[in-house]
Novice: 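One structure, pasted below without further comment.
The structure presented is a predicted model; accordingly, all values stated were derived computationally and were not measured.
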Amino acid sequence: MSETSPVSVEPLAQRQIALVDLLDRLLAGGVVVAGDLTLRIADVDLVRINLHALISSVNENVPSLWERGEE
């Protein structure tokens, strides 16, 4: 039986990550924010808002969707 060195696994709630590091990790891979908001009075839906947003970092190696192509 092989013995491996113990790895300390900290619970996620106990880990401390700097805000800058967290933002760097999130923007490097991209973040999708999605949500629904409904304003209702007496079980009647008055306003419904659907939110879908993609937040990502931009660099020169990733082409923009809004660039004009050469015509």
Novice: Partners of Asp21 by side-chain contact (heavy atoms from CB on, under 4.5 Å), sequence neighbours excluded?
Specialist: Ile17, Ala18
Novice: In terms of hydrophobic clustering (I, L, V, M, F, W, Y; side-chain heavy atoms under 4.5 Å; direct or indirect links), are Ile41 and Val44 co-clustered?
Specialist: yes
Novice: Would you please name every residue forming a side-chain contact (heavy atoms from CB on, under 4.5 Å) with Leu39, sequence neighbours left out?
Specialist: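 Only Val47 meet the side-chain contact (heavy atoms from CB on, under 4.5 Å) criterion with Leu39.
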Novice: Does Asp43 have any side-chain contact (heavy atoms from CB on, under 4.5 Å) partners at least two apart in sequence or in another chain, and if so, which?
Specialist: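 Asp43 satisfies side-chain contact (heavy atoms from CB on, under 4.5 Å) with Arg40 only.
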Novice: Using links of under 4.5 Å between side-chain heavy atoms of ILVMFWY residues, direct or through other members, which residues join Val32 in one cluster?
Specialist: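 Listed partners: Leu54.
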Novice: Tell me the salt bridge (Lys or Arg N to Asp or Glu O under 4.0 Å) pairs involving residues 23-32, sequence neighbours left out?
Specialist: none
Novice: For Leu37, which residues count as a side-chain contact (heavy atoms from CB on, under 4.5 Å) partner, sequence neighbours excluded?
Specialist: Ile49
